[in-house]
Amino acid sequence: MLSIQNKTPRRRRDKKGFTGLSLALLALVAVIGLATTPTMAQDKPDASPEVEPLVEALTERVAATVLPSGGAVEMVYAGDDDDGNPQFVSPGQYRANNIWVLIAAALVFIMHLGFGCVETGLTRAKNSVNVLTKNLWIICTGVLLYWVWGFNAHYPSDWVIDGILALPFPAPWLDPTGDGAVTASYYGGSYTIYTDFIFQAMFAATAATIVSGAVAERIKLPAFMIFAVVFVGFGYPFVGSWHWGGGGLGSLPTGAFYDFAGSSVVHAFGGWGALAGVILLGPRLGKYGSDGSIKGIPGHNLPLVNVGVFLLFLGWFGFNGGSVLSADEAGVSFVFVTTALAGFAGGMVALLTSWGAIGKPDLTMGLNGMLAGLVGITAGADSISPGWSIVVGGIAGVLVVVSVLGFDRIKIDDPVGAISVHGVCGVWGTLAVGIFSSNPDHSFVSQLIGTVLVSVTAFLIAFAIFGILKVAGGIRVSEEEEVEGLDLGEHGMGAYHTLTPGS
């Protein structure tokens with residue numbers, strides 16, 4: 001979610017040279033992908049033949065499971081399968097699943113620190129406290145609202161409008177006695193319902209954090225706080241239930257929509273919501289000249305941006321790796337590899353593409369490309385082979401450069417490039433599943449329908465919230481406050497204090 005628009009380019013190459021370099025880079029990543037992928041339909045390794053008899057024996061043993069004299073249960077109930085048959089796992093597997101998914105939740109939480117660093121570093125020092133306050137508000141309210149409303153609306157036990165609208169209903173996991181503490185099995189694993197909640201809650205707040213960077217340096221704090229509550233608390237579970245809650249996107253006529261960890265359901269949702277906010281707010285003062293020229297507004301701390309992006313990359317191993325929803329060795333390690341390769345390919349290609357576009361290798365674009373590659377692979381991290389993940393990340397690296405420059409030309413002022421990284425590349429990553437997935441059930445048409453529905457709905461929800469707030473009390477600070485900085489106007493404090501003689 002970075003942007004080179006904060007740096008005025010010294011020299012641009014002609015479009016022919018830019019296009020040629022981009023094509024060459026795409027050819028490079030394609031060759032790497034083909035060289036490292038024996039077949040596009042490559043599947044993840046099957047379980048060892050020696051394991052199957054053990055699994056069968058374990059299943060037979062379940063029927064005879066009894067409570068020994070000590071009162072300990074030999075097997076742990078892990079919910080019913082699709083046919084209603086009870087499933088069990090060993091206590092060791094149950095503990096491993098819980099530990100891994102909880103660690104993954106902590107990694108996703110760290111991503112919010114990364115977002116704060118990136119947004120703060122790419123904006124001016126006079127708005128640092130404001131940016132960090134918004135990030136604090138988002139994670140606090142996001143998780144609390146997910147507890148009282150979002151979780152049960154996201155994964156409903158019933159529908160008000162079948163497959164479209166769900167409201168939270170009483171659930172046994174709210175009982176502090178711990179009854180029903182074991183959730184249903186996923187991918188052959190299981191963990192407590194509390195583990196499930198905290199992992200999913202960390203995702204929820206991400207949507208508003210994406211918006212936060214795009215509307216930075218000119219939005220009123222109270223207006224954003226209200227927006228974040230409604231967008232995360234109610235909008236995100238509503239749209240997310242269409243896919244992860246068993247809603248209508250799972251029964252499209254063209255086949256089920258698939259989004260492994262949220263290229264559309266999380267990232268595109270936040271990215272296109274950000275576009276609505278930026279349109280209604282308008283650009284920052286001084287960003288565009290009366291003659292149509294684009295003026296750079298540099299961020300004040302690029303080292304902080306670099307730290308933030310690497311924190312986000314670290315957290316992405318939990319974001320994608322935790323979405324395996326078990327401690328399955330093959331599944332988690334496979335997702336780690338595809339995630340890493342796509343992120344590195346995106347960073348490399350974006351850095352080189354920016355070099356071709358503006359004549360200099362731009363650090364923020366390279367970091368931007370890293371995030372773009374990660375967003376791109378998120379939808380198919382478990383179904384796209386390592387070789388093809390390099391191609392997916394590399395294409396995202398080109399797309400993000402073209403997108404950031406394109407939005408700047410039409411005067412869409414996004415200080416951190418959130419719309420390009422999360423919106424554009426979120427859509428790309430979702431479509432990539434329909435192109436590169438090893439699962440023949442994944443349909444390009446279903447992916448297109450799903451990502452368009454999620455993106456358009458996110459835009460409309462955000463546009464409605466911001467529009468109502470704009471009419472009710474305004475969403476933009478005064479020109480005087482914007483020039484002075486939101487830290488003083490909104491908070492009465494600054495992020496940095498310089499000591500001078502006699503102070």
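Throughout, residue positions are numbered sequentially from 1 according to the sequence presented. What you see is a predicted model; the values in this text were computed from it and never measured. What you see below is based on every heavy atom in this structure, not just the backbone, and it leaves out hydrogens, waters and symmetry mates.
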Walk me through whether Phe407 and Ile410 qualify under side-chain contact (heavy atoms from CB on, under 4.5 Å). CA-CA 5 Å; Phe407 277 122; Ile410 60 174; 4.0 Å; yes
Please step through side-chain contact (heavy atoms from CB on, under 4.5 Å) for the pair Leu469 and Ile226, ending with a clear verdict. CA-CA 9 Å; Leu469 291 170; Ile226 296 171; 3.9 Å; yes
For Trp316 and Val375, run side-chain contact (heavy atoms from CB on, under 4.5 Å): C-alpha distance rounded to whole Å, both residues' side-chain angles, the deciding distance at 0.1 Å, then the answer. CA-CA 9 Å; Trp316 231 288; Val375 170; 3.7 Å; yes
Check against side-chain contact (heavy atoms from CB on, under 4.5 Å), Met493 and Asp487: CA-CA 6 Å; Met493 65 175 67; Asp487 286 1; 5.8 Å; no
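For Ser403 and Ser420, the side-chain atoms include at least one donor-acceptor pair closer than 3.5 Å. Under 3.5 Å, the side chains of Ser293 and Asp291 contain a donor-acceptor pair of N or O atoms.
From Leu311, atom CG reaches atom CD1 of Ile110 across 7.0 Å, with rounding to the nearest 0.5 Å. Separation of atoms OG (Ser264) and NE2 (His422) is listed at 13.5 Å; rounding is to 0.5 Å. Atoms CG and OG1, from Asn368 and Thr353 in turn, are 11.0 Å apart once rounded to the nearest 0.5 Å. Between the CZ atom of Phe334 and the CG atom of Asn320 there is a distance of 12.0 Å, given to the nearest 0.5 Å. Atoms CD1 and CD1, on Ile475 and Ile219 in that order, are 5.5 Å from each other to the nearest 0.5 Å. Distance check, rounded to the nearest 0.5 Å: CG of Leu132 to CZ of Phe115 gives 14.0 Å.
Between Phe231 and Tyr236, the distance from one ring center to the other does not fall under 6.0 angstrom. Annotation: Trp272 is not in aromatic contact with Phe459 [ring centroid separation under 6.0 Å not met]. Between His267 and Phe319, the distance separating the two ring centers is shorter than 6.0 angstrom.
A salt bridge between Arg284 and Glu482 is absent, with no side-chain N of the basic residue lying under 4.0 Å from a carboxylate O of the acidic one.
Side-chain contact check for Phe238 versus Thr457: some heavy-atom pair is nearer than 4.5 Å. For the pair Ser128 and His300, the minimum side-chain heavy-atom distance is below 4.5 Å. Put simply, the side chain of Met365 does not reach to within 4.5 Å of the side chain of Leu351, judged on heavy atoms. With a 4.5 Å cut-off on side-chain heavy atoms, Ser443 and Phe257 do not count as touching. In this structure, the side chains of Val402 and Val398 come closer than 4.5 Å at one or more pairs of heavy atoms. Side-chain contact check for Ile198 versus Phe109: every heavy-atom pair is 4.5 Å or farther apart. Side-chain contact between Trp388 and Ile435: absent, with no pair of heavy atoms (C-beta onward) separated by less than 4.5 Å. Contact check for Asp413 versus Arg218: side-chain heavy atoms found under the 4.5 Å cut-off.
Residue Asp328 comes nearest to Val324 through the heavy atom pair CB-CG1, 4.5 Å, listed as atom of the first residue, atom of the second, then distance. Residues Val421 and Ala372 share a closest heavy-atom pair of CG1-N, 4.0 Å. Shown here for Ile419 and Asp414, the closest heavy-atom pair between the two residues is N-OD2, 2.8 Å. Between Ala495 and Val129 the shortest heavy-atom distance is N-CG2, 3.6 Å. Counting all heavy atoms, side chain and backbone alike, Val427 lies closest to Ser455 at CG2-OG, 3.7 Å. Taking each heavy atom of Ala214 and Ala274 in turn, the nearest pair found is CB-CB, 3.7 Å.
Ring planes of Tyr258 and His442: parallel class, angle under 30° (limits at 30 and 60°). Ring-plane geometry between Phe317 and Phe336 is classed as parallel, the angle between the planes falling under 30 degrees on a 0 to 90 degree scale with a further cut at 60.
Under the side-chain contact (heavy atoms from CB on, under 4.5 Å) criterion, Leu221 pairs with Asn130, Thr133, Lys134, Met225, Glu490, His491, not counting sequence neighbours.
Using a distance-only test at 3.5 Å, with no hydrogens or angles considered, a donor-acceptor pair links the side chain of Thr338 to the main chain of Ala381. The backbone N or O of Ser383 lies less than 3.5 Å from a partner atom in the side chain of Ser438, making a donor-acceptor pair. Looking at His243, its side chain does come within 3.5 Å of a backbone N or O of Asp259 through a donor-acceptor pair. Distance alone, capped at 3.5 Å, places no donor-acceptor pair between the Lys411 side chain and the Ile294 backbone. Between the side chain of Ser263 and the main chain of Thr430, no donor-acceptor pair closer than 3.5 Å is present. Between the side chain of Asp362 and the backbone N or O of Ser354 there is no donor-acceptor pair closer than 3.5 Å. Judged purely by atom type and a 3.5 angstrom limit, Thr123 uses its side chain to pair as donor or acceptor with the backbone of Thr120. Judged purely by atom type and a 3.5 angstrom limit, Trp100 uses its side chain to pair as donor or acceptor with the backbone of Gly321. His112 contributes a side-chain N or O that, together with a main-chain N or O of Met202, makes up a donor-acceptor pair within less than 3.5 Å. Under a 3.5 Å cut-off, the side chain of Lys470 and the backbone N or O of Leu280 do form a donor-acceptor pair.
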